[in-house]
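See below for the structure under consideration.
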Amino acid sequence: MLLKKILTERIEAIMSRSNLDGMPALIQNASREEFGDYQVNGMMAAAKRLKENPRELAGNLKQALESDETIEEIVSKIEIAGPGFLNLTLKPDFLIRAVNSPPPQTDNAETVVVDFSSPNLAKEMHVGHLRTTLIGDTMARVFEYQGHKVIRQNHVGDWGTQFGMLIAYLDSAGTSADDLKDLEIFYQKAKKQFDEDPDFAEKSRSYVVALQQDQPDVLVKWRAFIEISMSHCEAIYSDLNVTLHQKDTFGESQYKGTIPAIMETLTKEGLITKSNSALCVFLDEFTDKNGEKQPVIVQKSDGGYLYSTTDLAAIRHRAHELRADRILYFVDARQTLHFKQIFALARKAGLCPPKVVMDHISNGAILNKAGKPFKTRDGNTVKLADLIKESRERAKEIFLAKNDKADLSSVEEIANAIGIASIRYSELSKHRETDYVFDWEMVLSMEGNTAPYLMYMYTRSKSLLIRSELTDSDLPKEPQPEGPIERRLVLKMAQLNDVIDSVSRECLPHLLCLQLYEIATAFARFYEELPILSSPEKDRLRRLAITSKVATKLSNGLDLLGIKVLEKM
RNA sequence: GGCUCCGUAGUUCAAUGGAUAGAACGGCCGCCUCCUAAGCGGCAGAUACAGGUUCGACUCCUGUCGGGGCUACCA
């Protein structure tokens, strides 16, 4: 049940029977609590178009709404305010019905390909991979929650020139299996030798060629390397509760067989131009100021392919073999131009049917504390494995400081859960498009708008329910809120489905974090200010019933964020 | 140079063109004989600058200043 949708439909239906036919009602959450629950903003715009007085239009609409039974059953109060706002207050029984309503299921289930995480297997995962991995994971969960069929695609970088270098280094004297424990250092050492030692560089290049020609002995080494690297990634996914598994990995190397067919298609469509001995596609859409078309290189002058070509092959695979209705790429904003180009190219070459939607869901960059780009070359990179370890240790410290007589066997479990939840929430609670400053203190913070806060409110709600010794069957099904504190809490819960719907449409998980936080703060207030277990039976049962719904909403919402709740902390 | 994104409290983040720009952290002041103080209440504090469009602008447009990113053979 989507409150805003219901209000909009019903109000616009009434408007359509007047001189306001076809005008939008523009329903919004009330900007201040004293204005009620929702506001109708459309009267000012309508007045402008009709050249009438907005307050008069608002007055007319108010009358029409008040005499309509579809409004009467859900709205308790309508007020005209300011230049022509209509402020609506909803009926408590309608609010609680909204709280009880099932999650918003999609009307038409689609097959959604979600491309996310996609780390470069030549290096270890670092904080730069956090956003795509966690936002993609959360959106995949949200789409599934709504009834879509989700196909996760981890488009790992397991192919290309750098692997020749790594294999050559793996192969060189004095390198033991131990060296692979730290992939980042292994990569840096290999890179260093590549840059300093011409013989080694030459050997690396020959490995690339051998790899591309499927030379068995080299392939064995390559596979060994990929396996080790993937196991690092899988450990991270498992720790972070990311829903990516072996079956979701479909790396660049898997497209190498289909690239010739892609090239053939491009050629057949007459799109290929040879320029400076590289094969390029020049599209009309991409020109500089002088009208010079900008190229997309699909084959290098040495015959090698680039990631553009691989991405085209991936599009065809996803549109045709995977039968996607939508293909979503969770990749950072630096690749905006790249995706514009390959989407346009894929359309032109007929690799993706017009009805299949392709979208680049971009995210902002990571900056250091000075506001400068957080680049790997700086040597400042923070490995995800280290971040996870640090966060768990921090959580354990805090837990022990707060619980001196804690059962030691549960300490590790609780600290681990909180540590992971903190990392996920700190990332997901930010708007995905803005650049973000990486700060250990921020990520590891456990006060205020953080995962531990939400988890703590959940444990408080559970604690009340356990102490009450009642179950849901003992409690009223539709506890109508009484008083402003209960009302506010129930309203925030009633709006959760609207928010999940927005998250899904705009791929903005931070909206869900915000709503859950508001439910949690409203519950904190409820918990602090109202007696629950010690209140008279009628109040006790009603408040416990509301508490039970809080527990459910928090747990379900956090689950969508990939955060597991704890019964105690 | 061209294209593009971004400048909001000391800091980190919010705000489908709507009413008095919200939080959190940090700072200051309060609250545990009472359902878990990882909590609650209160105070101080911000839209880079200049124009414009609009009944109404953090939001849209133009310019200025400042900072990213992308821009032909890395991915």
Side-chain angles (χ1 to χ4, degrees), chain A residues 4 26-32 35 39 41-42 44-45 47-48 54 81-85 87 118 120 122 157 159-162 252 275-280 286-290 292 294-302 304-308 310-311 332-338 362 364-365 367 369 371-373 395 398-399 401-403 418 426 429-431 433-437 439 441-442 445-457 459-460 462-464 466-468 502 505-506 510-511 513-514 517-518 521 524-525 527-535 543 547 568-569:
Chain A
K4 218 178 278 185
L26 301 177
I27 306 295
Q28 275 186 10
N29 291 6
S31 57
R32 317 178 122 262
F35 296 156
Q39 56 189 64
N41 290 342
M44 279 86 75
K48 182 72 181 169
F85 297 101
N87 292 333
S118 306
N120 180 350
W159 203 241
T161 45
Q162 58 208 332
E252 293 174 337
S275 173
N276 295 334
S277 66
L279 298 186
C280 304
F286 304 99
T287 57
D288 62 19
K289 200 70 177 178
N290 306 322
E292 297 283 322
Q294 297 290 104
V296 180
I297 298 178
V298 291
Q299 187 169 15
K300 295 191 285 184
S301 49
D302 68 2
Y305 298 109
L306 296 107
Y307 76 139
S308 299
T310 309
D311 275 342
D332 80 75
R334 284 174 299 187
Q335 298 200 29
T336 301
L337 177 61
H338 165 72
S362 71
L367 310 175
K369 281 187 201 176
K372 296 291 179 189
I398 294 172
F399 183 81
K402 290 178 190 299
N403 300 275
I418 294 175
S426 77
S429 59
K430 292 178 178 71
H431 195 298
E433 302 241 46
T434 55
D435 291 350
Y436 101 101
V437 175
D439 180 359
E441 290 302 316
M442 283 296 174
S445 157
M446 302 197 177
E447 286 174 4
N449 185 6
T450 63
Y453 178 89
L454 298 182
M455 295 164 81
Y456 180 62
M457 289 305 154
T459 62
R460 277 181 152 187
K462 288 305 273 191
S463 173
L464 285 174
I466 289 165
R467 278 170 170 274
S468 77
S502 298
R505 280 186 284 105
E506 299 171 60
H510 82 283
L511 298 175
C513 294
L514 184 66
Y517 180 64
E518 290 193 345
T521 54
R525 191 75 188 270
Y527 182 94
E528 296 278 343
E529 303 222 354
L530 303 174
I532 297 165
L533 295 177
S534 61
S535 58
R543 287 175 185 159
T547 300
K568 281 185 179 173
M569 62 186 274

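Sequence lines set the chain letters: A, B, ... in the order given, protein chains first and strands last, and positions in each chain run from 1.
Rounding to whole angstrom units, CZ of residue A:Arg334 and P of B:rG67 are separated by 20 Å. The CG-P distance, from A:Leu530 to B:rG39, rounds to 19 Å in whole Å. Here the P atom of nucleotide B:rA75 and the CD1 atom of A:Ile297 are 11 Å apart, to the nearest Å. In this structure, A:Tyr436 places its OH atom 19 Å from C1' of B:rG67, rounding to the nearest Å.
Base-pair partner of B:rC25: B:rG10 (Watson-Crick or G-U wobble, both distances under 3.5 Å). Judged by Watson-Crick or G-U wobble contacts below 3.5 Å, the nucleotide B:rU47 has no partner.
Minimum atom distance to the side chain of A:Ser463 is reached by B:rC35, of the listed B:rU16, B:rC35, B:rA38. Side-chain atoms of A:Ile398 lie closest to B:rA38 of the nucleotides B:rC70, B:rA38, B:rC74. With B:rA19, B:rU16, B:rA38 as the choices, the nucleotide that has an atom nearest any side-chain atom of A:Phe35 turns out to be B:rA19. When distances run from any side-chain atom of A:Glu447 to the nucleotides B:rU36, B:rC25, B:rA72, the shortest one goes to B:rC25. Which of B:rA14, B:rG39, B:rU36 sits closest to the side chain of A:Lys430 comes down to B:rA14.
Distances shorter than 4.0 Å separate none of the side-chain N or O atoms of A:His338 from OP1 or OP2 on B:rU71. Distances shorter than 4.0 Å separate some side-chain N or O of A:Arg525 from OP1 or OP2 on B:rG41. Under 4.0 angstrom from either OP1 or OP2 of B:rC3 there lies no side-chain N or O belonging to A:Gln294. Look at A:Tyr453 and you'll find a side-chain N or O under 4.0 angstrom from OP1 or OP2 of B:rC40. Between B:rA75 and A:Tyr307, no contact under 4.0 Å exists linking OP1 or OP2 to a side-chain N or O. In terms of phosphate contacts, A:Arg460 brings no side-chain nitrogen or oxygen within less than 4.0 Å of OP1 or OP2 of B:rA38. Remark: A:Tyr527 is in phosphate contact with B:rU36, judged by side-chain N or O atoms under 4.0 Å from OP1 or OP2. Contact annotation: A:Ser445 side-chain N/O to B:rC25 OP1/OP2 distance is not under 4.0 Å. In this structure, A:Thr434 reaches the B:rA14 phosphate: one of its side-chain N or O atoms is under 4.0 Å from OP1 or OP2.
Here A:Met569 lies in heavy-atom contact (under 4.0 Å) with a base. The residue A:Glu433 sits apart from the nucleic acid: no heavy atom pair falls under 4.0 Å. Counting any heavy atom pair closer than 4.0 Å across all strands shown, A:Asn120 reaches no nucleic acid atom. Within the nucleic acid shown, A:Ala47 has no heavy atom closer than 4.0 Å to any nucleic acid atom.
The base of B:rA72 lies close enough to the side chain of A:Ser275 for a donor and an acceptor atom to sit less than 3.5 Å apart. Not a single donor-acceptor pair, N or O on each side, falls under 3.5 Å between the base of B:rA38 and the side chain of A:Asn403.
Base orientation at B:rC32 is syn, since its O4'-C1' glycosidic dihedral falls within 90° of 0.
Two residues, A:Glu252 and A:Ser31, neighbour RNA chain B, and the one matched to the more 5' nucleotide by heavy-atom proximity is A:Ser31. Residue-to-nucleotide proximity on RNA chain B shows that, of A:Thr521 and A:Ser534, the 5′-proximal contact is made by A:Ser534.
Residue-nucleotide stacking is not present for A:Tyr517 and B:rA23, judged by a side-chain ring centre under 5.5 Å from the six-membered base ring centre and planes under 30° apart.
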